[in-house]
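Start at 1 and go down the list; that is how both ligands and their atoms are numbered. Please read all numbers here as calculations on a predicted model, not as lab measurements.
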Amino acid sequence: MTAPPIAADAAATTIPFFPPDLFDGDREALLDAVRAIGTGTAQKFILGEHTAALERALRSRLTAATAGAAGDVVACSSGTSALSLLLAAMDIGPGDEVVVPAFGCAPLAATVLDAGARPVFADIDPLRLTIDPAAAEALIGPRTRALLPAHMFSVMADMPAFRDLADRYGLRLIEDSALAQGGTLRGRPAGCWGDAGVYSFVQVKTFGMPGEGGVAITRDAELGEAVRMLRNHGQDGAHRFVHHRVGHNSRFDEVMALFQLHRLPGLDGRLARRAEISAYYSRRFAPLADRGLVAPPVGGDGRFHYVYTVLTDRRDELRDHLAARGIASHVYYPRPLPAQPAFAPHAAAGPGAGWPNAASAARRNLSLPLYPHLTDAQAEHIADAVHAFADTYICTDTNRER
Ligand SMILES: *Cc1c(COP(=O)(O)O)cnc(C)c1O
């Protein structure tokens, strides 16, 4: 079967993967924030009252969602930095090992190495694409100090299993929930399953902003206090120039805090629109499983809607097919972490060890456009194009084996 002809205007319409107009509706608010901070009498540009207000606002959202003890939310300069601050606050360093996924973003390995510890790479679950708890358990040894699972694309890691592992082996549990803000599993928000979690506010994330920033989240008050100190050169809030610990510079910008406070009331609406588009894709793609296209696991629990990622052996062909129809798509993490030049020397794979599921995901993943202002017509055009591609699938014996 050949793909139906595409109307010339549809093909010419480019649907970007990273839309440049994410903040078009908030330009005035951004300029107002710059003006307010820039002309304010306090001339306080970092870690001021607006950063504190943003931390309180995020904390009360999480407290409401967990109906639990008030935790701490500490704003810092990025999601990556939040991970580094947590590792430092937990005194994880030379001689220690942290079990991380073999598939994911560089900070999972880089922050551990920066701390002086060693990342130990565990393979992932082939469908969830998140770290496999059994693989992680097999790597726990006498030097293991922490587990660092990460949520991927739109699926939360199996946090109940990791909570159980951490408790059984007496390990720290750091949840890389950088991209999962808005997700919940068994009623508990992403970021609230570990001893600590993180969110990133880099532009494309679900609560992204036009700049760098993030938060560390923890219900452990002592840990929160340590992160607060570490983000500002190890000083406590009351005494400048008293450095209790060797700290970092990982502070939050007041302009961005004001802007995020402006954007926060709209977050749930934007998350709901992402969920709606994602559910539409899932309905359209369900019949394509036997035509070589694997959609994310269905079911709302433990799903969030950052990007929509499919798996196919013909990934590069699908990307070209979509591009020819004016649809941009994106390949995340085309190499597993242990195969990266920077991390390979630290990835001691014993005989027979390897990360076959990570390698497969790296070869087969493709993410489709998913953002709140994607129109219904655009989502339909994307789903139609994917269908047209799947219709060209020939079920050979080789394909059948996969
Ligand atoms: C985005 C991301 C990070 C890093 O966040 P930054 O704010 O870009 O430093 C870390 N982990 C995961 C899983 C991410 O998606």
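- Using a 30° and 60° split on the angle between ring planes, Y281 and F285 fall in the parallel class, below 30°.
- Scanning for side-chain contact (heavy atoms from CB on, under 4.5 Å) contacts around P334 gives V331, with sequence neighbours left out.
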Show me the short polar-atom pairs for ligand 1: any N or O of it lying under 3.5 Å from a protein N or O, with distances only.
from	atom 1	to	atom 2	distance (Å)
ligand 1	5 (O)	S200	OG	3.4
ligand 1	7 (O)	G79	N	2.8
ligand 1	7 (O)	S200	OG	2.6
ligand 1	9 (O)	G79	N	3.4
ligand 1	9 (O)	T80	N	2.9
ligand 1	9 (O)	T80	OG1	2.5
ligand 1	11 (N)	D176	OD1	3.2
ligand 1	11 (N)	D176	OD2	2.6
ligand 1	15 (O)	K205	NZ	2.9

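- Looking only at distances, a side-chain donor or acceptor of W355 sits under 3.5 Å from a matching main-chain atom of F121.
- Nearest heavy atom pair, residue P133 against residue L165, reads O-CD1, 3.6 Å.
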Quick one: side chains of residues 82-96, donor-acceptor pairs under 3.5 Å with protein atoms, not counting sequence neighbours, listed by atom name and distance.
from	atom 1	to	atom 2	distance (Å)
D91	OD1	R245	NH2	3.2
D96	OD2	G93	N	2.9
D96	OD2	R145	NH1	3.1

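- Residue pairs that meet the salt bridge (charged side-chain N to carboxylate O under 4.0 Å, His left out) test with at least one member in residues 258-276, sequence neighbours left out, are D26-R263, R61-D268, R273-E276, R273-D376.
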